[in-house]
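Bear in mind that the values here come from a model prediction, so they are computed numbers and not experimental data.
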Amino acid sequence: MRISVASSAVALALAGSLLAAVPASAASHQGGLHLGKIQYDSPGKDTRTNASLNAEWVEIHNNGKKKLQLKGYKLKDNTGYTYTFPTYTVGAGKTVRVHTGKGKNSGKHVYWNRGSYVWNNTGDKARLYKASGALLDSCSWKKGKGVTSCH
């Protein structure tokens with residue numbers, strides 16, 4: 001069977017486009033801890049009530065095969081607001097949601113215990129640091145629909 005040069009070129013172009021369709025960030029987060037979804041603009045008016053503050057959150061996902069102790073890990077925004085994790089373990093394949101407002105920490109939720117918003121609706125950058133101070137992950141956004149998926 002003969003394959004023409006033109007059909008080989010088409011096959012090569014198709015293979016290249018399939019490889020290009022895989023996002024570059026996907027390869028870097030095959031395992032480990034990373035930022036997931038961020039609700040940077042709580043739904044409705046910004047009333048500064050605790051319910052509104054807690055509707056602003058960041059998800060941190062452990063995509064690894066082992067549970068991780070997050071004590072001393074930090075979550076920061078562009079202005080330097082910092083949430084430092086207390087003793088907290090996130091299971092393998094599990095997600096923890098960091099809420100801006102007040103509440104009682106549980107298996108899937110932790111609370112910053114702030115009385116004002118952290119994440120800027122018009123654009124900001126969330127950064128996740130290891131307890132050692134090393135940057136683990138970051139995610140930025142511009143004004144949009146109020147929620148972003150980091151990876």
**Student:** Under the 3.5 angstrom rule, does the side chain of D77 hit a backbone N or O of K125 as a donor-acceptor pair?
**Tutor:**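 No, D77 side chain to K125 backbone: no donor-acceptor pair under 3.5 Å.
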**Student:** Taking atom NE2 of H99 and atom CG of N50, what is their separation to the nearest 0.5 Å?
**Tutor:** 10.5 Å
**Student:** Once you round to the nearest 0.5 Å, how far does CG of L70 lie from CG of L128?
**Tutor:**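 Here the interatomic distance stands at 8.0 Å.
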**Student:** Would you say T87 and Q69 make side-chain contact, with heavy atoms under 4.5 Å?
**Tutor:**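 A side-chain contact under 4.5 Å exists here.
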**Student:** Is any side-chain heavy atom of T100 closer than 4.5 Å to one of W57?
**Tutor:** no
**Student:** Taking side chain as C-beta onward, heavy atoms only, is C139 less than 4.5 Å from T148?
**Tutor:** yes
**Student:** Rounded to the nearest 0.5 Å, how far does CH2 of W112 lie from NZ of K102?
**Tutor:** 14.5 Å
**Student:** Do R114 and Y81 form a cation-pi contact, if we require the NZ or CZ to be under 6.0 Å from the six-membered ring centre and within 45 degrees of the ring's axis?
**Tutor:**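 Output yes; distance and angle both within limits.
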**Student:** Please lay out, stage by stage, how V58 and W119 fare under the test side-chain contact (heavy atoms from CB on, under 4.5 Å).
**Tutor:** CA-CA 10 Å; V58 174; W119 308 108; 3.6 Å; yes
**Student:** If you look only at pairs with a residue in residues 58-79, which of them pass as a ring-ring contact (aromatic ring centres under 6.0 Å, His included), with sequence neighbours excluded?
**Tutor:**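 Residue pairs with at least one partner in residues 58-79: H34-H61.
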**Student:** Within the 3.5 Å criterion, strictly below it, is a donor on N120 or T122 matched to an acceptor on the partner's side chain?
**Tutor:**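 N120 vs T122: no donor-acceptor pair found between side chains.
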**Student:** Okay, side chain of Y88, backbone of N105: is any donor-acceptor separation there less than 3.5 Å?
**Tutor:** no
**Student:** Got a second to check how far S138's OG is from N78's CG, nearest 0.5 Å?
**Tutor:**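 The OG atom of S138 sits 10.0 Å away from the CG atom of N78.
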**Student:** What about F85 and I38, same hydrophobic cluster or not, with Ile/Leu/Val/Met/Phe/Trp/Tyr joined at side-chain heavy-atom distances under 4.5 Å?
**Tutor:**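 Linked within one cluster.
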**Student:** So, do C150 and K37 sit near enough that their side-chain heavy atoms are less than 4.5 Å apart?
**Tutor:**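 Side chain of C150 against side chain of K37, heavy atoms only: no contact under 4.5 Å found.
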**Student:** Determine whether the side chains of T82 and Y129 contain a donor N or O and an acceptor N or O closer than 3.5 Å.
**Tutor:**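 Absent: no donor and acceptor within the cut-off.
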**Student:** Look only at the side chain of N62 and the backbone of L33, and say whether a donor-acceptor pair between them is shorter than 3.5 Å.
**Tutor:** no
**Student:** Identify the heavy atoms of K65 and A92 that sit nearest to each other, and give their distance.
**Tutor:**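 It is C-CB, 3.5 Å.
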**Student:** Tell me which one of Q39, H109, E59 satisfies side chain to side chain donor-acceptor pair (under 3.5 Å) with R97.
**Tutor:** E59
**Student:** Nearest 0.5 angstrom please: T95 OG1 to L35 CG, how far?
**Tutor:** 11.0 Å
**Student:** Determine whether the side chains of E56 and S42 contain a donor N or O and an acceptor N or O closer than 3.5 Å.
**Tutor:**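 Their side chains do not contain a donor-acceptor pair, so the 3.5 Å distance test is not met.
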**Student:** Check whether any side-chain heavy atom of L68 lies under 4.5 Å from a side-chain heavy atom of T89, and answer yes or no.
**Tutor:** no
**Student:** Please confirm whether the backbone N or O of R127 pairs with a side-chain atom of D137, one donor and one acceptor, at under 3.5 Å?
**Tutor:** no
**Student:** What about W141 and V98, same hydrophobic cluster or not, with Ile/Leu/Val/Met/Phe/Trp/Tyr joined at side-chain heavy-atom distances under 4.5 Å?
**Tutor:** yes
**Student:** Does Y83 have K74 sitting over its ring (NZ/CZ under 6.0 Å from centre, angle to axis within 45°)?
**Tutor:** no
**Student:** So, for T47 and S52, which heavy atoms are closest and what is the spacing to 0.1 Å?
**Tutor:** OG1-CB, 3.5 Å
**Student:** How many angstroms lie between OH in Y117 and CG in L53, if you round to the nearest 0.5 Å?
**Tutor:**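 Rounded to the nearest 0.5 Å, the OH-CG separation comes out at 5.0 Å.
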